[in-house]
Amino acid sequence: MANRKPSTPDPITGRLGDDERELAWRRLGEETFDVVVIGGGVVGVGTALDAATRGLRVALVEARDLASGTSSRSSKLFHGGLRYLEQLEFGLVREALRERELMLTRLAPHLVKPVSFLYPLAHRVWERPYTAAGLFLYDTMGGARSVPGQKHLTRAGALRMVPALKRNALVGGIRYFDAQADDARHTMTVARTAAHYGAVVRTSTQVVDFVREADRVSGVRVRDSEDGRETTVQANAVINCTGVWTDELQRLSGSRGRFRVRASKGVHIVVPRDRIVSESGLILRTTKSVLFVIPWRNHWIVGTTDTDWNLDLAHPAATKRDIDYILEQVNSVLATPLTTADIEGVYAGLRPLLAGESESTSKLSREHAVARVSPGLVAIAGGKYTTYRVMAADAVDAAAPDLPGRLRPSITDQVPLLGADGYHALVNQADQLAARHGLHPYRVRHLLDRYGSLVHEVLGLADGHPEWLKPLAGAPDYLAVEAVYAASHEGALHVEDTLARRTRISIEYPHRGVDCAKQVAELMAEVLGWDDARVAREVEVYNARVEAERDSQSQPDDQAADARRSAAPEARPEIMEPVS
């Protein structure tokens, strides 16, 4: 195995490598921070970025991996929430559409892209004007528009756009646009951007207790989930951004919560692109909610479900019932039905919903709540992925009474994420960049949509290692160098981190990553200094995870599926669950 490459901490590119990790541990124990953020989901990393760009001293800790919970398991859309118009949530829709516009144009054009949807009309006379009025609001509420407006189609026109539909499933259609992103990569990029602006970002770092001075929270006790070390982090304010774990952390803090969070399970299936012949995504009404068929590179993502979940928060499990429900709903409009044999990937995530009086999770509030639950402690929950930046600003504002001096206003609407600057020019130069590295221009464009202008950094790692510019065995959409870069710059500490979140191999291939786990482990070992025994353990743990997930997806109910999924070993050997 090659010798481990030396590196030095490099805040210029927000690198989250091994050396940065050790430096971060020392800083956590030695410095006093203005703000400590708990949680490495999109709201947590967004809060760290917001606070850092206001000039605050910031630390962020995450017990597992960046986006390891809800923020890697969404529908992968930046959208206003068309169905919220029917619930008269105009403020929520307007706010989300403004955020969509910012992402597409200024903050993350390399990561967030327009995506087309067809809304099939099933009823004559009344449905077209009713839906058109809602879509007109949708098109105009977000201000300046970077996506095309709605387009009306006859039944023949809609079937030309989506030949996969049954002829009797619609009388016409309306096409509209939203935006999509790889949620896990976006969250990780926000975290790296926060590090770039000075935040200490450390994963596999679990909060196991709160520190108090008199009547106020003055910091947290953290434990390294890899080796069990513990240290105390001092802070003027602690912000709880743990999503579905909000109540658990609230109990640990000893403070009385101001709101309750309910976990709603959403399941998606991933099928090959050729199984549904269509030029556009679909949005379908169901009796309970809506169902999306979302273009995803060479695949379609179909989902989602919306059911209560009261079991293991870290590893929500999809059941056979969940998968059958999705197939039943989508097959009601498809001329050639999907079968379980068509499914290449399945994932389940938990939405942190603010608990209400309704027993139906689809009717619980998608708006967020923020509260200063005690001196020195702020909690935020609810909301939706699209509005993470607004939530982050509200969380930092709520901490103002605990911070020294005057708090500057949020400026993250003016702070592009790493990789955004120069992205459009590089798209125009893709052919030259491809020729320079001996790659196909299509490959370079794919890399640009994952890394933006950081693509030079990625490809530069392969200098002296031309074999790293070859595709991964069993996952030809990804280059070997991407696994190296995940470990050297993006904070990936385990094979699972790379296969499930830095890439999406775990949901995009029928083998779900098993066929390339050993190669990925060996590539990561080049950076992280693993020996052969550690490589073997990483592969074993990952394969056990995949086996457990497959097993859970054949179970009839949540309890049985949870038991099978929870039996798999943890990648992080010192994680404590639960902590309260």
Side-chain angles (χ1 to χ4, degrees), residues 42-43 46 70-71 74-109 111-121 127 130-152 173-183 186-187 264 266 268 280-286 289-296 301 303-304 306 349 351-354 361-369 382-394 412-413:
V42 73
V43 176
T70 304
S71 295
S74 73
S75 295
K76 313 196 187 318
L77 295 175
F78 270 87
H79 65 132
L82 186 60
R83 66 192 173 108
Y84 304 142
L85 286 177
E86 285 192 305
Q87 298 170 11
L88 306 182
E89 302 240 27
F90 297 116
L92 180 63
V93 174
R94 182 182 292 108
E95 182 178 80
L97 288 172
R98 178 175 181 269
E99 293 304 306
R100 183 192 74 180
E101 184 74 17
L102 276 172
M103 291 296 153
L104 284 166
T105 58
R106 183 188 305 169
L107 303 187
L111 301 175
V112 182
K113 307 292 180 183
V115 60
S116 161
F117 287 99
L118 176 72
Y119 187 108
L121 299 170
E127 192 178 14
Y130 174 79
T131 306
L135 282 167
F136 175 77
L137 283 175
Y138 200 72
D139 281 345
T140 56
M141 288 175 79
R145 206 169 63 212
S146 56
V147 298
Q150 61 177 289
K151 179 180 180 181
H152 286 249
I174 306 176
R175 185 184 69 175
Y176 75 99
F177 279 79
D178 253 318
Q180 72 175 168
D182 183 329
D183 48 5
H186 174 268
T187 296
S264 166
H268 296 78
S280 172
L282 291 167
I283 179 171
L284 306 169
R285 282 183 175 275
T286 71
S289 184
V290 296
L291 191 82
F292 284 105
V293 179
I294 305 162
W296 181 256
I301 293 175
T304 180
D306 202 347
R351 304 178 193 88
L353 303 181
L354 298 177
T361 62
S362 64
K363 293 184 173 64
L364 293 183
S365 176
R366 261 60 174 179
E367 293 207 52
H368 66 272
K384 54 206 292 278
Y385 193 106
T386 305
T387 56
Y388 81 91
R389 199 191 59 78
V390 177
M391 294 174 66
D394 287 352
T412 51
D413 60 343

*Shortest non-hydrogen contact from F177 to R100?*
O-NH1, 3.2 Å

*Separation of F292 CZ from T304 OG1 (nearest 0.5 Å)*: 10.0 Å

*Determine yes or no for a side-chain-to-main-chain donor-acceptor pair under 3.5 angstrom, with S71 supplying the side chain and V42 the backbone.*
yes

*Please report the C-alpha distance between Y138 and V93 in whole Å, then the side-chain angles of each, then the deciding distance to 0.1 Å, and finally whether the side chain to side chain contact (heavy atoms under 4.5 Å, CB included) criterion is met.*
CA-CA 8 Å; Y138 200 72; V93 174; 4.0 Å; yes

*Please tell me if the side chains of W296 and D182 come closer than 4.5 Å, counting only heavy atoms from C-beta onward.*
yes

*asked:* Please check this pair: side chain of T386 against backbone of A96, looking for a donor-acceptor N/O pair closer than 3.5 Å.
replied: no

_F117-H79 aromatic ring centre distance below 6.0 Å_ = no

*Any idea which heavy atoms bring D178 and G80 closest together, and the distance?*
OD1-N, 3.9 Å

*Nearest-0.5 Å distance, OG of residue S116 to CG of residue L282*: 9.0 Å

*So, for R285 and Y130, which heavy atoms are closest and what is the spacing to 0.1 Å?*
NH2-CE2, 4.2 Å

*asked:* Measuring from atom CG of L111 to atom CD of Q180, what distance do you get when rounded to the nearest 0.5 angstrom?
replied: 12.0 Å

_Between R98 and R389, is the side chain to side chain contact (heavy atoms under 4.5 Å, CB included) condition met? List the steps._
CA-CA 11 Å; R98 178 175 181 269; R389 199 191 59 78; 3.4 Å; yes

_Considering all heavy atoms, the nearest V147-P114 contact_ = CG1-CB, 3.9 Å

_If you define the side chain from C-beta out and look only at heavy atoms, does anything of V115 sit under 4.5 Å from L77?_
yes

*Side-chain touch F90/L137, heavy atoms, less than 4.5 angstrom*: yes

*asked:* Test side chain to side chain contact (heavy atoms under 4.5 Å, CB included) on V43 and H368; report intermediate values, then the result.
replied: CA-CA 11 Å; V43 176; H368 66 272; over 6 Å; no

*Identify the heavy atoms of I174 and A132 that sit nearest to each other, and give their distance.*
CD1-N, 4.0 Å

*Look up atom OG in S74 and atom NE2 in H268, then write down how far apart they are to the nearest 0.5 Å.*
7.0 Å

*Which is it for E99 and T387 under the side-chain hydrogen bond (donor to acceptor under 3.5 Å, both in side chains) test, yes or no, and what are the steps along the way?*
CA-CA 6 Å; E99 293 304 306; T387 56; over 6 Å; no

*Contact summary for A181 and V112, nearest pair of heavy atoms*: CB-CG2, 3.9 Å

_T131/Q150 under side chain to side chain contact (heavy atoms under 4.5 Å, CB included): CA gap, chis, key distance, verdict_ = CA-CA 10 Å; T131 306; Q150 61 177 289; over 6 Å; no

*With distance as the sole test, does Y385 use its side chain to make a donor-acceptor pair with the main-chain N or O of D183 at under 3.5 Å?*
yes

_Between CG on residue D306 and CG on residue L291, distance to nearest 0.5 Å_ = 11.5 Å

*Interatomic distance, K384 atom NZ to S75 atom OG [nearest 0.5 angstrom]*: 10.0 Å

*Heavy-atom side-chain proximity of L97 to R94 below 4.5 angstrom*: no

*Neighbour count above 12 (heavy atom, 6.0 Å) for K113 NZ*: yes

